[in-house]
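Heads up, the thing below is written out as structure tokens.
One-based numbering, in listed order, for ligands and for the atoms of each. Note that the structure is predicted; figures quoted are calculated from it, not measured.
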Amino acid sequence: MRFLVVGGGGREHALIWKLSQSPKVTKIYCAPGNGGTGDLAQNVSIQADDIEGLLKFALDEQIDWTIVGPEIPLMLGLTDKFRQQGLKAFGPSQKAAEIEGSKALAKELMFKYGIPTAQSEAFVDSKAAIDYINKTGAPCVVKADGLAAGKGVVVAMDVATAIAAVEMIMQDKVFGESGNKVIIEEFLEGEEVSILAFTDGQSILPMVSAQDHKRAYDGDEGPNTGGMGAYSPALIYTKEIANKVQQTILEPTIKGLAAEGRAYTGVIYAGLMLTVEGPKVLEYNARFGDPETQPVLMRLETDLVEVIEAIDKQELHLLSLKWSPAATVCVVMAAGGYPGEYGKGDAITGLDKVALEDSAVYVFQAGTKKEKGQLVTDGGRVLGVTARGKDIKAAVASAYKAVEKINFSKKQYRKDIAYKAL
Ligand code: AMP
Ligand code: GLY
């Protein structure tokens, strides 16, 4: 079967790495891909938001399956447009993907179907939002309704910060139209866990748990990023909590979406807070998480194509996923300055050493490209150095041993990925 993977980050490299192990796969393309995806797939220079370009390519090249990595093409209706042309695309419809695209819609769904989440109010008027903050006080969380590349959320410990966030989102329009509406949310305390799950719209099969590290610097300090590292499993995520999440969150989410005419297929990601009152939803994403996908897929022993086919036939209930008992850790190596301004075009060295010396490590590439045969930096998050070990401690040790062998100018990475689990 011929595959097209849409996107060009570490998540897409991990998807390609996993697909390339399937005996059912004969050819993989990646659009637009990165310096690493080109080793396992053929990169095609079509951007992930060029839906017409992707559609034409998939038709011309007789692609059997298109797998969508990022949220933008989903919001632009890629899967709907492909299906209209008789092509198979893995991911939710535009309408279903709105569960990520509009936080207000996600909250309405949760309230309506009794899915545990933080209390919240939505506002289209900044003055009303500010009055509400003055009345209810801090701490609280201010969120832009629409997509904001993971930066539209301000956790405000005092009223002044919360009001400044409303002004930034609604008046200064830092995230453009995404800030037409804000959500003011109750502040939840607890540990965060990411649960990615496969669903065919009827049954929902969670993957192993993972924890992301969203802040830029050690000790969860500094600005929010796309994710500086992740590991699996999240040791605090017990079987008991997993059962509760299945019954009170995952199943009602899928049922609720279907009842709302937004039947969901593909991968859904629930960002959870494990509070003293039980697990609550912080957000949904309509796709695989990045960087969670890197450590999670490294543990998946089942052929990913089998899962995709089971979802297509609505036979997910017949499948059980096989997972490696190993622990996995992904350390993101970023360009100096990220998530602010950073340089590009710096030579990356040492990957060959890692590949030769440690078979339990795989380096998923993100912001990289090949320039005259030399791998160079080409984005904020550059590499996701991912290692397997008998436990988290062993996986952490191998990941950092590999990180130290890799060099590029002004590299930046957290030294405490998975520290909470140790
Ligand atoms: P989100 O994009 O909604 O997941 O928010 C980004 C980050 O903000 C989350 O990963 C949490 O760390 C934090 N956050 C979001 N909502 C809340 C909340 N209600 N209480 C505490 N922290 C939150
Ligand atoms: N790691 C968070 C995300 O993929 O949105």
Side-chain angles (χ1 to χ4, degrees), residues 7 9-12 14-15 68-72 74-75 97 99-107 110 116-122 136 138-157 161-162 165 169 175 178 182-197 207 209-216 220-232 234 267-277 279-297 330 332 334 339 364 366 380-381 384 414 417 420:
R11 162 185 52 207
E12 288 76 18
L15 283 164
V68 187
E71 60 277 20
I72 304 281
L74 295 169
M75 309 299 167
I99 196 166
E100 172 170 2
S102 167
K103 289 187 188 287
L105 182 118
K107 295 300 290 196
M110 289 186 267
T117 186
Q119 285 310 314
S120 76
E121 291 280 341
T136 52
C140 67
V141 184
V142 180
K143 301 185 174 185
D145 176 47
L147 293 181
K151 293 172 193 132
V153 175
V154 175
V155 178
M157 299 316 285
T161 308
I169 294 168
F175 309 112
S178 288
V182 292
I183 286 111
I184 317 279
E185 202 169 273
E186 167 201 6
F187 172 76
L188 297 179
E189 267 179 287
E191 281 240 28
E192 282 183 56
V193 180
S194 304
I195 299 299
L196 283 59
M207 301 182 216
S209 61
Q211 258 181 321
D212 187 10
H213 295 62
K214 289 207 168 87
R215 300 295 196 98
D220 288 329
E221 300 282 343
N224 262 327
T225 69
M228 293 299 287
Y231 65 99
S232 175
V267 167
I268 189 162
Y269 163 137
L272 305 177
M273 187 73 94
L274 306 183
T275 75
V276 288
E277 292 168 15
K280 296 189 180 186
V281 178
L282 291 175
E283 64 162 346
Y284 294 107
N285 292 317
R287 50 174 174 79
F288 282 99
D290 190 341
E292 291 93 331
T293 301
Q294 293 82 315
V296 167
L297 282 190
C330 169
V332 170
F364 296 113
R381 290 191 289 173
R414 279 182 61 161
I417 300 304
K420 274 189 199 155

Examine distances only and state if a side-chain atom of [X] and a backbone atom of [Y] form a donor-acceptor pair shorter than 3.5 Å.
X: H213; Y: G229; result: yes
X: R381; Y: G9; result: no
X: T117; Y: V281; result: yes
X: N285; Y: Y269; result: no
X: D145; Y: V182; result: no
X: S194; Y: G271; result: no

For [atom], closest protein heavy-atom neighbour:
atom: atom 5 (O) of ligand 2; result: R287 NH2, 2.8 Å
atom: atom 2 (O) of ligand 1; result: E283 OE1, 3.2 Å
atom: atom 3 (O) of ligand 1; result: K143 NZ, 3.0 Å
atom: atom 10 (O) of ligand 1; result: E192 OE1, 2.6 Å
atom: atom 18 (C) of ligand 1; result: V141 CG2, 3.5 Å
atom: atom 14 (N) of ligand 1; result: V155 CG2, 4.1 Å

Just to be sure I read this right, does ligand 2 sit under 4.0 Å from the backbone of R11, its side chain, both, or neither, counting only heavy atoms? neither
For atom 20 (N) of ligand 1, which of N285, V153, I184, L188 has the closest heavy atom? L188
Minimum non-hydrogen distance to atom 23 (C) of ligand 1, winning option of L282, L272, N224: L282
With a 4.0 Å cut-off on heavy atoms, is [X] in contact with ligand 2?
X: G227; result: no
X: F288; result: no
X: S194; result: no

Closer than 4.0 Å to some heavy atom of D212 - which atoms of ligand 2 meet that? 1 (N), 2 (C)
Per-atom contacts of ligand 2 with G289, taking only distances under 4.0 Å to non-hydrogen atoms: 4 (O)
Inspect the contact between K107 and E185 and indicate whether a charged nitrogen and a carboxylate oxygen are less than 4.0 angstrom apart. yes
Please confirm whether K103 approaches ligand 1 to less than 4.0 Å, judged on its heavy atoms. yes
K214 heavy atoms, cut-off 4.0 Å: which ligand 1 atoms fall inside? 10 (O)
Ligand 1 to E185, heavy atom cutoff 4.0 Å, flagged ligand atoms 16 (N), 17 (C), 18 (C), 19 (N)
Would you name the heavy atoms of M228 and R215 that are closest together and state the gap between them? CG-O, 3.4 Å
Using distance alone, determine whether E283 and ligand 2 share an N or O pair under 3.5 Å. no
Answer yes or no: is there a side-chain heavy-atom contact under 4.5 Å between L147 and I72? yes
Considering only heavy atoms from C-beta outward, does the side chain of D220 approach that of R414 to under 4.5 Å? yes
Steps toward side chain to side chain donor-acceptor pair (under 3.5 Å) verdict (Y284, E100): CA-CA 6 Å; Y284 294 107; E100 172 170 2; over 6 Å; no
